[in-house]
Amino acid sequence: MKSRALSATARIYSCSARFCRPIFTKPQNNVILAPTNNNVVNDLINIFTKNPICTNNSELDSLAPLLSTKIVETVLTGFKNWKTAYMFFDWASNQYGYKHNIYTYNAMASILSSARQNAPLRDLATNVVESRCFMSPGALGFLIRCLGSVGLVEEANLLFDQVKEKGLCVPNGYSYNCLLDAISRSSSIDLADMRLKEMRDYGFDCGKYTLTPLLQVYCTAGEFDKALDVYKQIQDQGWLDAHVFSILLLYFCKWGEVDKAFKLIERMDGHGIRLNEKTFATMINLLVRESRTDKALQFFNEIRKSGFTPNVSLYYVFIEELCKTKEVVKAFHLYSEMKELGIQIDVGITRKLLSSFSEEGDLIQMLRESWEHMDEEVRTLLCNRILDIFVSKGTIDKAYDLLLEMMGREVTSDIKLRSVLSNKEVAVPNTTSFIIVIDGLLKCGKLDVALNLFQDMVRIGYKPNLVLYNNLIFGLCNSNRLEESYELLREMKESRFEPTQFTHNSIFGCLCQRRDVMGAIALLREMRVFGHEPWIKNSTLLVKNLCNNRQVMEACKFLDTMAQEGFPPDIIAYSAAMDGLIRINKLDGALEIFQELSTRGFCPDVVAHNIIINGLCRAKRVAEAQNLLNEMLMKGVVPSVATYNLLIDGWCKNDGIDQAMLWFSRMCESEREPNVISYTTLISGLCTARRPDDALMLLNQMGGRKCAPNRIAYQALVHGLCKCGRTDEALVHFYHMKEKKMKSDTYVYIGFISAFITNSNLAMALEMLKQMVDGGSFPDPADNNYPILRDAIYKLLEDSRTSSCIRKLIEENSSLQITLSDVGREGGFEPIV
DNA sequence: ATAGGGTTAG
């Protein structure tokens with residue numbers, strides 16, 4: 001049943017009889033102009049079209065006295081651009097002896113309305129009333145429709161009442177119909193009902209053009225019962241037409257009553273009324289918007305089965321929607337059909353379709369199926385999409401191979417395009433193809449491959465774009481290849497690409513990495529000429545690198561220069577400098593910066609505070625560090641775990657183990673979870689304070705608090721226990737570490753050796769020395785522990801119980817020999833070996 | 001459109 005109705009629709013659709021309501025009359029009086037007036041019209045049109053801005057010109061002055069409303073009307077309809085028309089209209093308004101009438105107003109209103117220029121149209125309506133312009137009921141209707149068609153419903157109603165009130169017009173039934181038509185564009189049922197009543201009270205008849213807008217209002221507002229009532233009235237009067245049906249059809253589509261819409265089409269068929277193209281398109285759009293794409297597609301297919309070609313834009317609606325819902329296969333079928341029908345397809349749609357594919361398999365399928373139907377451009381777009389997918393999946397080699405194949409090179413990739421296409425012609429790459437692959441290579445760190453491909457690309461004659469230059473320069477700068485960056489920058493400028501902020505910052509970053517202060521400052525000055533901002537992170541990098549290279553004062557000077565050059569550094573850059581100062585024991589310098597920042601309105605954050613707390617602790621000014629933490633709490637700068645850890649460490653290293661424990665518990669109370677560092681700090685501190693049992697207790701706590709001890713924590717404990725002479729417990733944990741495959745550093749072994757020698761357990765001391773050497777580690781001569789080790793070996797050599805064993809060990813191990821030759825030199829003993 | 005910095009343990 002349904003399909004019969006639909007094919008009937010298809011049949012009538014082809015006739016495409018356009019529904020045209022007779023109500024919209026022309027704005028002008030059809031009075032023919034005299035030939036002399038024709039010249040005036042042409043002159044005016046020429047002047048305003050050529051130079052619309054200059055209205056005080058002598059030619060115009062001579063034309064002004066000849067103005068008449070008829071001339072103005074004719075001139076207005078002669079402009080293509082609404083702005084020109086409006087300027088002329090405005091000029092005419094100001095000419096002495098000339099006054100607009102309703103026909104010139106309406107001509108202007110019509111232009112503004114079709115250009116959808118609401119603001120000037122609103123002004124125009126106000127002017128009509130203010131200038132007390134008389135008008136016929138028909139002219140009023142025309143103006144009301146102009147307002148209504150751009151949604152100025154309120155203005156239309158106001159105008160209607162004002163002209164009536166001021167006696168400028170006596171509206172008739174036609175005027176009311178126009179007003180209702182304007183109202184029908186909103187869903188204001190009350191307003192429509194009120195005007196209908198008003199109209200009836202005046203004794204005007206309700207005709208077809210009264211009821212139709214009423215039907216529209218009820219449908220827009222979703223009042224189906226009232227709409228049905230109006231529909232029946234229209235039907236009873238025999239006024240059913242395509243417009244009435246289309247209002248209902250769109251209503252059904254909008255509210256999801258698709259079946260009712262189909263039934264209505266069937267009924268239309270019975271009345272011999274034809275569905276027009278515009279309604280059909282609107283229905284499809286509505287159905288798609290309401291996510292009833294399948295129904296819409298069914299409807300659409302029925303139309304096409306009957307052999308008619310629907311408007312291209314409908315294909316686009318479907319393809320876009322199907323791409324959105326990832327129904328790529330359906331979308332692609334429609335696309336192919338368009339191609340087969342020879343419809344010219346917009347590149348944007350092809351791109352959209354391609355970008356909705358996310359699997360190269362689907363694309364290769366698509367490529368197999370319709371390579372023949374694709375033009376060169378589409379083939380390239382499709383291959384570019386495959387390149388895109390390869391790159392985003394991280395299979396850059398595949399992308400690279402495919403591009404080489406597109407360039408006509410021989411490749412041995414597992415997806416050879418030529419074999420997929422059974423040796424047909426392969427797509428030709430465009431600039432985008434190169435950009436996709438080069439960017440992909442850069443992201444994978446294959447800088448040289450990217451550079452070679454770039455050179456190939458340029459050699460073959462492709463033009464690189466700005467982003468490509470920028471990305472290559474960025475890649476080179478990150479690999480510290482500054483000279484090549486400059487070379488590319490030069491090429492870039494030759495190709496007339498101005499360096500951007502990104503370009504400059506890439507190079508700035510490289511200079512900062514290299515600690516080239518002079519170069520960095522010189523570049524900053526050049527950047528300022530371009531209006532480019534340096535990325536502050538690069539400045540911070542320079543400060544850090546200078547500090548690590550013992551050039552702390554240079555770092556501070558650089559920050560000053562930045563500020564002088566108008567690029568004031570931020571709290572992070574200053575923090576790096578403060579930290580640098582602290583590491584060379586210039587706490588006062590750091591404190592100075594810290595104070596300056598606060599007074600200059602910068603707000604030091606947690607990290608900045610941490611750096612200063614660290615500095616104070618290192619300078620043994622722990623009480624002041626503690627004050628600073630208290631200050632943070634008062635200021636509302638929430639201390640981090642690191643803040644607490646720093647203070648705890650400060651107390652541990654300055655005979656304040658109880659204070660350290662106190663702050664540890666304060667940290668827990670303030671809901672800052674202690675971390676491995678907190679525990680390790682305390683374990684070490686407790687051992688230094690000769691409280692190894694408390695240290696052991698803390699280690700147990702760690703395990704229970706999902707804060708597993710790491711290598712550093714264990715070593716702190718083992719070493720600490722050794723220092724307390726508790727070698728047995730130290731050994732237990734030392735073997736724990738071995739079980740966990742944690743390698744011990746030399747200082748742990750030396751801690752044992754030293755403790756065992758103090759206990760006169762030379763056998764164990766020798767054993768630990770053996771283990772250390774077997775593990776391949778040995779302290780550097782600059783290490784603090786080096787002399788301890790040397791003395792220990794000396795003791796082991798002296799004692800008859802260990803002497804032969806240690807000699808053997810020395811013979812087997814060259815690093816021990818070196819240690820001993822030192823003993824010989826410094827201690828005045830004979831070399832033993 | 002391309003990028004994102006500073007602090008804590010043996």
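Letters A, B, ... mirror the listed sequences (proteins, then strands); counts begin at 1.
Scanning residues 643-666 of chain A for heavy-atom distances under 4.0 Å to DNA chain B yields Asn645(A), Leu646(A), Asp649(A), Lys653(A).
Rounded to an integer number of Å, the gap from Ile571(A) CD1 to dG4(B) P is 22 Å. One can place CG of Leu472(A) at 16 Å from P of dT2(B), the figure rounded to the nearest angstrom. Rounded to an integer number of Å, the gap from Leu542(A) CG to dG6(B) P is 14 Å. For Leu546(A) and dG5(B), the CG to P distance is 18 Å, given to the nearest whole Å. Look at CZ on Phe508(A): it is 22 Å from P on dT2(B), rounded to the nearest Å. As rounded to whole Å, 16 Å separates atom P of dT2(B) from atom CG of Asn478(A). Per the geometry, CH2 belonging to Trp535(A) stands 11 Å off P belonging to dT2(B), to the nearest Å. Atom CG in Asn548(A) sits about 16 Å away from atom P in dG5(B), given to the nearest Å.
The side-chain heavy atoms of His719(A) and Phe752(A), taken from C-beta on, include no pair separated by under 4.5 Å. Counting heavy atoms from C-beta on, the side chains of Val622(A) and Leu647(A) come closer than 4.5 Å. Taking the side chain as every heavy atom from C-beta outward, Asn384(A) and Ile436(A) approach each other to under 4.5 Å.
Within the 4.0 angstrom heavy-atom criterion, base atoms lie near Asp605(A). Residue-level contact check: Ala642(A) touches the bases, meaning some heavy atom is under 4.0 Å from a base atom. Among the atoms of the strands shown, base atoms are found under 4.0 Å from some heavy atom of Ile536(A). Base engagement by Leu466(A) is indicated by at least one non-hydrogen atom pair under 4.0 Å involving a base atom. If you check every strand for non-hydrogen atoms under 4.0 Å, Ala577(A) touches nothing. Looking at heavy-atom distances under 4.0 Å, Arg583(A) makes contact with sugar-phosphate atoms alone, never a base. Base contact: Phe502(A) has a heavy atom under 4.0 Å from a base atom. Note on Asn710(A): a base of the nucleic acid sits closer than 4.0 angstrom, heavy atoms only. If you check every strand for non-hydrogen atoms under 4.0 Å, Asp570(A) touches a base.
The residues Lys443(A) and Asp439(A) are annotated as not salt-bridged, no charged nitrogen and carboxylate oxygen being separated by less than 4.0 angstrom. Remark: Asp388(A) does not engage Lys393(A) in a salt bridge, criterion side-chain N to carboxylate O under 4.0 Å. Remark: Lys620(A) does not engage Asp655(A) in a salt bridge, criterion side-chain N to carboxylate O under 4.0 Å. In this structure, Glu487(A) pairs ionically with Arg490(A), as a charged nitrogen and a carboxylate oxygen lie closer than 4.0 Å.
Contact annotation: Lys443(A) does not reach the phosphate of dA3(B) (side-chain N/O to OP1 or OP2, under 4.0 Å). Considering only side-chain N and O atoms, Lys544(A) lies under 4.0 angstrom from the phosphate OP1 or OP2 of dG6(B).
Checked against dG4(B), dT7(B), dT2(B), the side chain of Asn471(A) finds its nearest nucleotide in dT2(B). You'll find that the side chain of Asn614(A) is closest to dT8(B), out of dG6(B), dT2(B), dT8(B). Side-chain atoms of Val607(A) lie closest to dG6(B) of the nucleotides dG6(B), dA3(B), dA9(B).
Using a distance-only test at 3.5 Å, with no hydrogens or angles considered, no donor-acceptor pair links the side chain of Ser684(A) to the main chain of Thr680(A).
Below the 3.5 angstrom threshold, one finds no donor paired with an acceptor across the side chain of Thr681(A) and the base of dA9(B).
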